[in-house]
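These notes are about the structure you will find just below.
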Amino acid sequence: HYPLRRQRQMCIRDRDYIVLRVLISDAECVTRRAIVEAMGKDFLSYDQRRLDTQIRRLRSKVQEACGRMLPVSTLRAKGFRFYEPARIDD
């Protein structure tokens, strides 16, 4: 049995929305390049620490709003993986 979960709405910035959309789009691996380019930025000039900070803040927002960890794992030297089924309601 899966525990019952209460659904909650969470307001997020456009950039966070884009990152979540990209993360949810691929269950295997979403590259850092794919995320950065989805935000309309140039991957080669984008400071990778900004992306790490954004993911960390997004994890904190979800934890605060839902009381659950954001189901995203970091794949070293590759990108990220969203490891649970998810849906974003527009």
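Val22 and Ala38 make their closest contact through CG2-CB, 3.4 Å (heavy atoms, listed as atom of the first residue, atom of the second, distance). Pairing each heavy atom of Gly79 with each of Cys29, the nearest pair is N-SG, 4.3 Å.
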Is there a side chain to side chain contact (heavy atoms under 4.5 Å, CB included) between Phe80 and Thr31 once you walk through the steps?
-> CA-CA 6 Å; Phe80 301 92; Thr31 64; over 6 Å; no

Please lay out, stage by stage, how Asp16 and Lys61 fare under the test side chain to side chain contact (heavy atoms under 4.5 Å, CB included).
-> CA-CA 10 Å; Asp16 292 334; Lys61 286 179 186 179; 2.6 Å; yes

Mind running salt bridge (Lys or Arg N to Asp or Glu O under 4.0 Å) on Glu37 and Arg32 for me, showing each step along the way?
-> CA-CA 9 Å; Glu37 289 177 353; Arg32 291 176 164 272; over 6 Å; no

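Counting only distance, with no hydrogens or angles, the side chain of Arg59 and the backbone of Val72 share a donor-acceptor pair below 3.5 Å.
A donor-acceptor pair shorter than 3.5 Å cannot be found between the side chains of Gln54 and Arg15. When only modelled atom types and interatomic distance are considered, Tyr17 and Arg21 share a side-chain donor-acceptor pair under 3.5 Å.
The side-chain heavy atoms of Thr53 and Arg50, taken from C-beta on, include no pair separated by under 4.5 Å.
Each of Asp14, Ile24, Ile55 was compared with Val19 under the side chain to side chain contact (heavy atoms under 4.5 Å, CB included) criterion, and only Ile55 meets it.
Note: Leu20 CG to Leu58 CG = 4.5 Å, rounded to the nearest 0.5 Å. Between atom OG of residue Ser25 and atom CD of residue Glu28 there is a gap of 12.0 Å, rounded to the nearest 0.5 Å. To the nearest 0.5 angstrom, Ile35 atom CD1 is 4.5 Å from Leu23 atom CG. To the nearest 0.5 Å, atoms CZ (Arg68) and CD (Glu84) are separated by 5.0 Å.
A salt bridge does not link Asp42 with Arg33: every distance from a Lys NZ or Arg NE/NH1/NH2 to an Asp or Glu carboxylate oxygen is 4.0 Å or more.
Evaluation of the side-chain hydrogen bond (donor to acceptor under 3.5 Å, both in side chains) rule for Arg49 yields Asp47 as partners, not counting sequence neighbours. Under the side-chain hydrogen bond (donor to acceptor under 3.5 Å, both in side chains) criterion, Gln63 pairs with no residue at all, not counting sequence neighbours.
By the criterion of side-chain heavy atoms lying less than 4.5 angstrom apart, applied directly or through intervening Ile, Leu, Val, Met, Phe, Trp or Tyr residues, Phe82 is not grouped with Met69; the two fall into different hydrophobic clusters.
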